[in-house]
Each structure stands twice: as structure tokens, then as C-alpha cells.
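All heavy atoms count here, side chains included; hydrogens, waters and symmetry mates do not.
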Amino acid sequence: MHSKLSFLLFTIQLYITILQRMSSSINNQDELNQDDEKVVSLTNEESVESTNTDESSQNETSEENNANEVKDKAEPEGNTLTADTSKNDVVSSEQNAQQDDDDDDDDEAIKMIDEEESSNMDYSSYNKVQLLELAMDAPKSLSPREAVRRIQNIRPYFDDLIKEEREAQLNAFEENSTGDEVFEFIDDGSRNAFYQAFKNAQDARSEEKKRIEEEKLKNLEDKIKIIEEIKSLTETDETTGSLDEIKRLQNEWKSIRAVPKNNLQELYDRYHFYLSKFYDNLAINRELKELDRQKNIGIKIDLCNKVDALQHETSLKKAFILLAKYQEDFKNTGPVPKEYSEEIWERFKSTVDTVYSQKKAQFEQLQEKRLENLKLKELLIEKAKTINLVIPDKQSEWKQHHEALNALMEEWKKIGQVPKTHNESVWMTFREQFNQFYKNRSDQFKRLNAEKKQNKALKEELCVRAEAIKDNENLNETTKEFLKLQEEWKSIGPVPENESQKLWKRFRNACDHFFNKKHAHFDQRKTEEKENLILKNTLITKLNDLDSIEDGEQVFEKLKEIQQEWNKIGFVPLKSKQQVNEQYHQKLDEIYKKFRKNRETYKQAHMKEHYQQISDMPGGDKKLKDDERRIREKIKGLKSEIQTWENNMEFFANSKNADKFKKDILDKISKVNSQIENLQKELGIIRKAKTEK
């Protein structure tokens with residue numbers, strides 16, 4: 001806060017001074033164009049030595065020799081700004097442009113950006129068609145360089161899927177092979193299409209490199225020509241068009257990008273020398289220069305603010321691109337009044353260093369997270385190896401192992417990226433465990449072929465047993481026997497394909513014969529259910545008759561008898577079940593409310609009776625367990641709400657309306673505690689009903 005306030009006061013003071021100095025020179029403003037800028041780009045690997053000291057000494061010398069002549073803004077003012085200011089190499093804008101085309105793997109900022117972008121490059125969840133589409137689209141939608149990188153990242157995943165496809169075809173071949181055929185992998189053409197796309201991207205990249213080198217040589221010739229023209233201007237007398245001409249040459253210089261690296265420093269030195277010589281010879285009104293310097297300080301203050309705002313930028317790539325742009329803009333903006341030069345430079349430099357340090361810390365946090373992800377993925381690899389240590393004997397166990405590996409794959413997808421240097425190796429190691437699993441399973445298919453004949457004999461025996469009992473009259477016992485036969489059928493395993501359907505139809509016919517007979521029997525039960533409905537309606541009528549009795553003990557005695565009779569009556573038609581039960585329980589509620597004034601006692605008694613009825617019903621144990629689990633989960637949720645409210649109450653303890661907020665929270669907690677107490681009582685009734693059954 002103190003730093004921002006200090007900077008604000010500094011900015012206000014500068015603008016007051018600027019306004020004062022502009023008042024005397026405003027009439028000459030229209031004659032001044034934006035002065036010449038020397039293009040000096042900045043990178044995050046190299047720093048440009050400040051030319052501020054040289055400029056000041058040159059200005060002082062010039063002003064001593066010529067009272068009315070000053071150097072213009074040709075010289076970039078202040079130290080060049082990068083994250084590493086310990087280096088002193090002079091680097092021109094061509095170097096920054098050239099680095100875009102050269103191999104930048106050693107550039108720290110580029111590494112950070114690559115690592116950030118690689119978080120979106122996990123293709124483990126993509127299928128083959130999606131990966132092929134990405135590869136074929138890369139040369140069309142990306143630059144050649146990015147297209148090659150994209151396809152290189154995709155290739156390991158694509159090769160894995162091709163390998164899995166081949167394994168699947170091989171397994172199917174081995175399972176159905178009679179021994180005479182020769183396996184041949186059927187490729188749908190996607191592999192050739194993928195590698196053709198890769199070749200296209202590489203060819204485009206080669207052409208791009210060739211074009212870039214040719215363009216660099218042409219740029220070198222153009223820049224040498226510009227230097228010669230500037231040199232010619234320094235050797236001729238000054239004219240009214242000299243300044244316009246030098247500006248034109250400077251703009252042309254800035255528009256020309258990369259040149260060969262070997263010529264870069266020498267080219268910049270010559271350009272700088274003749275440009276400085278020109279401005280040494282050029283007389284410009286002192287007030288105009290001062291006014292221009294005051295304009296420059298406003299521009300540089302704005303750049304300081306823009307750099308400071310980068311602290312809130314979440315994307316590393318965008319932050320570094322903008323940081324480099326603001327650095328170049330600062331360098332190209334020209335000098336400010338000498339008394340503010342060092343201070344504005346220090347302000348800009350410190351802000352750049354702060355942003356760079358912050359982004360570097362952000363990158364390090366990203367790397368730490370990825371190292372954690374690497375450990376998690378290495379743990380998954382060990383789990384996969386453990387699964388492959390056991391060779392299953394049954395098909396169901398193979399299925400379990402496959403599901404376990406797929407579960408590990410799902411965990412793998414959720415973990416996130418690892419450091420780029422480990423990404424491919426750790427993925428290949430993990431995929432190798434899947435390949436090992438498929439190999440082990442393929443070996444078992446060979447053993448299964450020998451077992452299929454034995455399985456055929458076992459299933460034929462099951463068919464004989466099923467046909468022998470299909471006409472039994474004992475439905476319950478025979479049902480159990482058929483279910484047992486069906487379980488045995490499932491456990492036996494596969495038989496030869498040409499016998500499978502025939503055996504299954506024979507076994508199925510015997511099962512269908514019995515169960516059709518059983519269904520006919522249960523059709524008869526529908527008549528009984530209708531009779532049960534009549535009996536239950538009769539009991540509801542008896543409940544209605546209890547309204548005329550005033551003796552509570554007598555009512556509860558008769559009520560107990562009616563309940564016992566109700567529980568003995570069997571099922572009713574499903575469409576009438578809900579209605580008759582609602583009528584019965586509604587009448588029970590009315591009786592309890594009439595003769596049990598204590599609401600809590602009534603509720604517990606009714607609840608006990610309700611759960612006792614559930615306990616006596618078929619499948620009642622499961623229903624009681626479900627209700628018990630539901631109530632426990634509800635109690636847990638209410639306790640969690642109380643914990644949240646208590647935390648909120650502590651958080652707002654010192655706020656303006658803390659007392660009112662605390663009272664509201666305590667009221668809510670009291671109500672929820674009351675609900676929890678009632679639920680715990682209900683839980684006790686359920687548990688008692690379970691033990692008394």
C-alpha cells in the first residue's frame with residue numbers, strides 16, 4: 001500500500017511539472033511529430049545495458065558546446081528491462097524476432113509457456129479417430145513449427161491405440177482360429193493418414209526454415225542499405241526534410257525483422273553509431289525537446305501501470321508476451337527529463353522484476369504440482385504392475401483385472417500433467433502394463449480352446465438335468481434347482497462357437513417350460529389377492545366402528561387385534577395396494593390422535609407400529625436397513641450443516657452485525673439439533689424392530 005501511494009504521489013508531481021512546462025511551448029506542439037524510436041526488443045534471457053548514462057553525458061556535452069542545440073529522442077532512455085539484469089549484452093529488436101524462428105528450448109520464459117500449454121495436451125482420453133483428426137488438422141490450422149510439435153505429442157498415444165487394435169484383432173483371431181489360418185492385421189488406413197499428416201507438417205516446417213533464412217539474408221541487405229542512407233545524411237548539410245527522411249528510415253528499419261545472428265551485433269552497432277551521429281548534428285529547439293520528453297514520461301508511467309496489472313494475469317504465456325511488448329515499448333519511447341530519468345527507470349525495472357518473479361513463482365508452483373502428479377502416476381504404475389503379477393484362472397477374474405486397470409486409467413486421467421520431460425516416458429511405462437495384461441490374456445485364450453470341449457460336455461449334462469425336473473410340482477424347490485442350474489451354466493465358461501446356440505436353446509427350452517407352468521400357477525393367486533382386498537376393507541370398516549367407543553384401553557385392545565389380523569392377510573392386487581394401505585394408516589392416525597393426547601408418545605407408538613409392520617412383511621429386514629441408512633445419512637448431513645454454521649459464526653464474529661447474525665445461527669442450530677434428536681429416536685425404534693423380529 002505504501003509503495004502504491006508513493007508511486008501515485010510521484011505520478012501527480014510529474015504531471016504538474018509537465019503541465020507547467022507545456023504552457024510555454026504549446027504553440028509549437030503541432031510542429032512536433034512523434035520522434036524517432038530505436039527498436040530494441042527485450043527477452044527474458046538477456047538484458048540490454050542501460051544507455052541512460054551515455055545519453056546524459058552526451059546531452060551535457062552537446063549542451064555545453066551548443067546552447068541552443070540538444071539531442072533528440074533517438075537514444076532509448078534508461079536501462080533495458082528483463083528478469084535477469086546481470087548480463088550486459090546489447091540486443092536489438094532483430095534478436096527478439098529472430099528468436100521466434102530459432103530453437104528456443106533454452107529460453108526460460110518459453111519453457112514456462114510450453115509447460116503451461118502442455119497442461120492441455122493430455123491425449124490419453126482421446127480415441128483413434130479424434131487423434132487422427134487433430135493430426136490432420138494441425139498442418140492446416142497451426143504454423144508448421146507448432147504443427148510438428150502437436151503431432152509429436154499426439155504420436156505416442158496414437159501408436160498405443162494402433163497397438164491395442166492389433167492386439168484385439170490378434171486375440172479374436174486366436175480365440176476363433178482352427179490352427180491353419182495366418183494372422184493378418186487389418187488396417188483401416190488411419191496409420192498411413194496419420195504419418196502422411198506428420199510428413200506434410202515436417203515438409204512445411206523445412207520450407208518455412210528455408211524461407212526464413214532467405215528472408216534474413218534479404219533483411220540484412222535492406223538494413224545495410226538503410227545504414228548507408230543514414231550515413232549519407234550525416235555527411236550532408238541539414239535540410240528541412242532531413243528529420244522526415246531519418247524518421248522514414250527508422251520506420252523502415254523497424255519494419256524489417258530478423259537477420260542472420262552472426263551479423264546482428266555488428267549491424268546494430270553501425271546503425272546506432274550513424275543514427276547517434278545524425279542526431280548529434282541535428283539542432284532542435286530545446287523547448288520542443290523538453291516538451292517531447294515530458295510526453296514520454298506520461299507514456300512510460302502508463303507502461304509502468306500496464307506492467308503492474310500483469311500481476312493479475314493468470315496465463316503465463318499471455319503475461320510473458322505482454323511483458324516483452326511493454327519492455328520494447330518502454331525502450332522505444334525515447335528519453336524523459338533528465339531529473340526523472342533514473343527514477344522512472346527504477347520504477348519500471350522494479351515492476352518488471354516483481355512481475356517476472358511472480359510469474360516464475362507461479363511456474364514453480366505449477367512444476368511442484370506436476371512433480372506431485374508424477375509421484376501419483378508412478379504409484380498407479382506400481383499398482384498396475386501388482387495386478388499383472390497374478391495370472392487369473394477364470395474369465396471372471398480376467399474381467400475384474402481388466403476393470404481394475406481401467407479404474408487406474410480413470411484415476412490417471414484425473415491426476416493431470418507431469419513435467420514435460422517425464423510425460424512420454426511415464427505414459428509409455430503405464431501403457432506397457434496394459435500391453436502385458438493383453439499378452440497374458442491372449443495366452444490364456446489358447447488354453448481356453450482346450451477347455452471348450454470339456455465345457456460342452458458339462459453343459460450337455462446340465463441340459464439333461466433340466467429336462468428331468470421341468471415337470472416337477474414342487475414349485476419352490478424346483479425353482480431353486482433351476483436357479484442353481486443356471487448359475488452352474490454361467491460358471492462353466494465358453495463352448496465351441498458352432499455348438500453354443502444349440503446347447504443354449506436346449507437348456508433354455510427346459511427352463512421356459514417350467515417357468516411358464518409356474519406363471520400359470522401364480523395367475524391363480526390373483527383371485528386370492530382380490531379376496532384379501534375384501535378382507536382388508538372389512539378391517540378398515542372395523543376401524544371406523546372404533547370411533548363410537550370412548551374407552552381408550554378398549555380401543556387399543558381391539559386395535560391390536562385388528563392389526564394382527566391385517567398382518568396375517570396376504571397380498572392384495574398391486575393397483576389397490578397403495579389406496580388400501582393409505583386408508584388403513586389414515587384411520588390408525590385418527591385413532592391415535594383421538595386417544596393419545598401426548599403427541600410425542602403418539603408419534604413414537606405409531607412409528608413403532610409402522611416399523612413393526614415392515615419387520616413382519618417379506619423383505620422387511622432389507623427395508624429396515626434401508627431406512628436406518630437413510631436416517632443415519634440425514635443425521636450426518638444435519639451435523640455437517642451445524643458445523644458450517646458454527647464456522648460462519650466464528651468468521652463473522654467481529655463484523656458490525658455479529659450479534660444479530662450469531663442469534664440467527666444459534667436459532668437454526670437449535671432447530672436442527674431438535675431434528676437430530678427426533679431422528680435418533682426413530683433410529684432406536686428401527687433397531688429395536690430389527691432385534692425383536
Side-chain angles (χ1 to χ4, degrees), residues 476 519-635 638 671 674-693:
N476 289 335
H519 292 156
H521 168 75
F522 281 104
D523 288 341
Q524 183 179 356
R525 288 186 57 179
K526 293 181 179 179
T527 303
E528 297 177 2
E529 291 177 352
K530 294 180 180 179
E531 295 174 355
N532 291 339
L533 178 61
I534 295 173
L535 293 175
K536 287 195 172 185
N537 284 327
T538 301
L539 291 179
I540 292 173
T541 302
K542 289 183 179 181
L543 284 177
N544 292 327
D545 294 340
L546 294 179
D547 288 339
S548 60
I549 303 175
E550 298 298 331
D551 185 353
E553 293 297 330
Q554 183 181 358
V555 169
F556 281 116
E557 186 65 30
K558 289 184 176 294
L559 185 62
K560 185 175 181 181
E561 294 175 0
I562 291 173
Q563 289 174 334
Q564 290 176 350
E565 290 183 38
W566 180 278
N567 293 334
K568 291 178 182 178
I569 298 174
F571 296 104
V572 299
L574 185 62
K575 63 181 181 179
S576 303
K577 178 181 177 182
Q578 182 176 357
Q579 180 183 359
V580 72
N581 284 338
E582 287 179 353
Q583 291 177 353
Y584 174 71
H585 288 292
Q586 182 179 357
K587 192 59 188 177
L588 282 179
D589 291 343
E590 292 175 2
I591 294 172
Y592 276 117
K593 289 178 181 178
K594 180 178 179 181
F595 294 98
R596 292 283 182 91
K597 294 183 179 180
N598 188 322
R599 184 174 182 274
E600 185 62 27
T601 305
Y602 154 73
K603 184 177 179 180
Q604 292 189 16
H606 182 60
M607 192 182 301
K608 180 177 180 182
E609 184 270 336
H610 169 70
Y611 286 117
Q612 189 62 46
Q613 284 185 3
I614 292 177
S615 176
D616 295 336
M617 293 172 59
D621 286 345
K622 183 178 182 304
K623 182 65 171 61
L624 289 175
K625 289 179 180 179
D626 291 342
D627 287 347
E628 182 181 6
R629 182 176 65 255
R630 174 181 57 79
I631 293 173
R632 285 201 307 268
E633 289 175 353
K634 190 170 182 180
I635 291 173
L638 291 173
K671 291 178 182 179
S674 177
Q675 293 181 33
I676 292 174
E677 183 179 354
N678 292 334
L679 289 172
Q680 288 175 338
K681 289 179 181 179
E682 185 175 355
L683 197 61
I685 292 173
I686 293 175
R687 290 170 177 167
K688 186 175 181 181
K690 289 169 61 178
T691 58
E692 290 179 353
K693 183 175 180 181

L543 versus Y584: any side-chain heavy-atom pair under 4.5 Å? yes
Who are the side chain to side chain donor-acceptor pair (under 3.5 Å) partners of K623, not counting sequence neighbours? D627
Quick one, L679 with R632, criterion side-chain contact (heavy atoms from CB on, under 4.5 Å). Give me CA distance, side-chain angles, the key distance, then yes/no. CA-CA 8 Å; L679 289 172; R632 285 201 307 268; over 6 Å; no
What residues form a side chain to side chain donor-acceptor pair (under 3.5 Å) with D626, not counting sequence neighbours? K622, R629
Which distance, rounded to the nearest 0.5 Å, do you find between the CG of D545 and the CD1 of I562? 8.0 Å
Side-chain touch Q583/N537, heavy atoms, less than 4.5 angstrom: yes
About how many Å separate CD1 of I549 and CG of L559, when rounded to the nearest 0.5 Å? 10.5 Å
Point-to-point distance, once rounded to the nearest 0.5 Å, from NZ of K568 to CG of L535: 13.0 Å
Kindly indicate whether the side chain of L588, heavy atoms from C-beta on, has any atom under 4.5 Å from the side chain of Q563. yes
Hey, are the side chains of L533 and I569 touching, using non-hydrogen atoms and a 4.5 Å cut-off? no
What's the spacing between L638 CG and Q675 CD if we round to 0.5 Å? 5.5 Å
I need the L539 CG to E565 CD distance, nearest 0.5 Å. 5.5 Å
Find out whether E561 and K542 are in side-chain contact, i.e. whether some heavy atom of one side chain is under 4.5 Å from a heavy atom of the other. no
CD1-CD distance between I534 and E529, expressed to the nearest 0.5 angstrom: 12.5 Å
Answer yes or no: are there more than 12 heavy-atom neighbours, outside N476 itself, under 6.0 Å from its atom CG? no
Does E590 pair with K587 as a salt bridge, N-O distance under 4.0 Å? yes
Which atom pairs, donor and acceptor, lie under 3.5 Å between side-chain atoms of residues 572-581 and protein residues at least two apart or in another chain?
| residue | atom | partner | partner atom | Å |
| --- | --- | --- | --- | --- |
| Q578 | NE2 | E582 | OE2 | 3.1 |
| N581 | ND2 | K577 | O | 3.2 |

